Amino acid sequence: MLVYPSSMDLSSRTLRLLTGQLTARRKKLGTRWRRLPVDRQALLALAHLRCGDTYAQLAAGFGIGIATVFRYIREAVDVLSTLAPTLAEAMKTIRTKAFVILDGTLLPIDRIAAHTPYYSGKHKRHGMNAQVLTGPFGRLLWASPAPPGSTHDLTAARQHGIIEALTDSGLKRWADKAYQGAGGPVRVPFRGRRLKRWKRRHNSSHAKIRCPGEQAMATLKGWRLLRKLRCSTNRITDIVKAVLVPHHTSI
């Protein structure tokens, strides 16, 4: 198999963060020897998360077995996911913002038609539903655990306690039509085709305010692994958490 050098659009600070966490884990476990040094393991894991490189590609590139690649990536994801902020911790940052944007996104997975709980009627494909909180300037602040794609956005937001936490904060929050009925100061656009002129103007200004939320979604999907997940659905929440940590480190 041919091997060639490549690059990632991540800062060295991200690599140092993961390297330090993996070093601490190896010391805790009392690890004496491994096929790759800790910095190479960190680089391997980031290549998988950021570029979506497969286990076979990484095994060839780093000169190790596929099973070893699987173990190294799983360990790195576990280490990073423990550093991800909880909703309560994220709310400390969110309360300093003028307002917050709430939106949901579907993380595509490789499931067949028989797996109906994962099928999103809105997106017409299988996936997992992730709720995202974004700041006024498009910064990704927090991402929720990922339930099956058939879960409605409002249902998912309530299950994760997002609506309650935002209501307690007293912040203004902007959301799309999927969150109608959320209550509190959740601002959503008007529904319907034949709207009055003032309602159309309201929807237009509402869409402009929500635009930074799309920037956060693009930032999340910039981690190419999330564009097509082929792992167990039980691991996707940890992967989303793992991605959030280096994102906050690199900005």
Side-chain angles (χ1 to χ4, degrees), residues 48-54 77 81 84 86-87 90 100-135 138-167 173-184 186-193 203 206-244 247:
H48 178 66
L49 294 172
R50 187 66 178 179
C51 304
D53 293 344
T54 64
V77 168
S81 64
T86 63
L87 178 58
V100 67
I101 301 167
L102 170 62
D103 204 354
T105 186
L106 188 79
L107 305 177
I109 59 175
D110 58 342
R111 287 296 182 270
I112 61 176
H115 295 110
T116 53
Y118 301 99
Y119 185 77
S120 169
K122 176 182 177 181
H123 299 277
K124 309 300 182 185
R125 64 189 307 179
H126 292 80
M128 306 291 283
N129 184 328
Q131 299 295 302
V132 174
L133 293 175
T134 308
R139 181 184 177 188
L140 179 61
L141 300 175
W142 183 77
S144 74
S150 61
T151 308
H152 193 274
D153 282 340
L154 180 56
T155 301
R158 284 173 171 164
Q159 287 177 349
H160 301 316
I162 301 172
I163 301 298
E164 182 180 358
L166 291 176
T167 301
R173 53 248 190 220
W174 302 79
D176 60 20
K177 297 176 183 178
Y179 298 90
Q180 289 212 3
V186 178
R187 302 192 175 188
V188 297
F190 290 104
R191 300 182 66 175
R193 295 184 178 181
N203 285 359
H206 186 279
K208 291 179 182 178
I209 294 173
R210 286 186 57 250
C211 276
E214 299 302 323
Q215 179 181 338
M217 294 300 182
T219 298
L220 190 65
K221 296 296 180 68
W223 297 82
R224 296 178 184 86
L225 182 65
L226 297 180
R227 298 179 186 177
K228 184 67 173 182
L229 289 154
R230 297 177 175 83
C231 61
S232 168
T233 55
N234 295 328
R235 296 287 300 165
I236 293 177
T237 291
D238 285 340
I239 291 174
V240 173
K241 289 181 179 180
V243 162
L244 197 61
H247 166 68

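What you see is a predicted model, and the numbers here were worked out from it, not measured in a lab.
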Can you list the steps and then say if Asp103 with Met217 is a side chain to side chain contact (heavy atoms under 4.5 Å, CB included)? CA-CA 9 Å; Asp103 204 354; Met217 294 300 182; 3.5 Å; yes
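- Closest non-hydrogen pair, Gly135 versus Pro212, comes out as O-CB, 4.2 Å.
- Residues Arg139 and Thr134 have side chains not in contact (no heavy-atom distance under 4.5 Å, counting atoms from C-beta outward).
- Both tests hold for Arg50 against Trp223: distance to the six-membered ring centre under 6.0 Å, angle to the ring axis within 45°.
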List the steps and the verdict of salt bridge (charged side-chain N to carboxylate O under 4.0 Å, His left out) for Asp110 and Lys228. CA-CA 7 Å; Asp110 58 342; Lys228 184 67 173 182; over 6 Å; no
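- In Gln180, the CD atom is crowded: over 12 heavy atoms of neighbouring residues, nucleotides or ligands sit closer than 6.0 Å.
- Applying the salt bridge (charged side-chain N to carboxylate O under 4.0 Å, His left out) test to Arg224 and every residue at least two apart in sequence or in another chain returns nothing.
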For a side chain to side chain contact (heavy atoms under 4.5 Å, CB included) check, start with the C-alpha distance between Asn129 and Thr105, then their side-chain angles and the critical distance, and finish with the verdict. CA-CA 6 Å; Asn129 184 328; Thr105 186; over 6 Å; no
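- Considering all non-hydrogen atoms of both residues, Ala90 and Leu141 come closest at CB-O, 4.4 Å.
- For the residue pair Pro108 and Arg125, the shortest heavy atom distance occurs at CB-NH2, 3.6 Å.
- Residues Arg173 and Thr167 have side chains that bring a donor and an acceptor to within less than 3.5 angstrom of each other.
- Considering all non-hydrogen atoms of both residues, Asn203 and Phe190 come closest at OD1-N, 2.8 Å.
- Although no hydrogens or angles enter the test, the distance criterion places a donor-acceptor pair under 3.5 Å between the side chain of Ser81 and the main chain of Val77.
- Shown here are the salt bridge (charged side-chain N to carboxylate O under 4.0 Å, His left out) partners of Asp53, two or more places apart in sequence or in another chain: there are none.
- The side-chain heavy atoms of His126 and Pro148, taken from C-beta on, include no pair separated by under 4.5 Å.
- Considering every non-hydrogen atom in both Val240 and Ala143, the closest pair reads CG1-CB, 3.7 Å.
- For the pair Asp153 and Tyr179, the minimum side-chain heavy-atom distance is below 4.5 Å.
- With Leu140 as reference, Leu244 is the one residue of Leu133, Val243, Leu244 to meet the side-chain contact (heavy atoms from CB on, under 4.5 Å) rule.
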Please test Val188 against Asp176 for side chain to side chain contact (heavy atoms under 4.5 Å, CB included), starting from the C-alpha separation and ending with a verdict. CA-CA 5 Å; Val188 297; Asp176 60 20; over 6 Å; no
Let's go through Leu102 and Trp174 carefully: what are the C-alpha distance in whole Å and the side-chain angles of both, what is the deciding distance for side chain to side chain contact (heavy atoms under 4.5 Å, CB included) to 0.1 Å, and is it a yes or a no? CA-CA 6 Å; Leu102 170 62; Trp174 302 79; over 6 Å; no
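- Residues Met128 and Leu229 fail the side-chain proximity criterion, which asks for heavy atoms closer than 4.5 Å.
- Using a 4.5 Å heavy-atom threshold, the side chains of Ser144 and Trp142 count as touching.
- A pairwise comparison of heavy atoms in Lys221 and Leu107 identifies CE-CD2, 3.6 Å as the closest pair.
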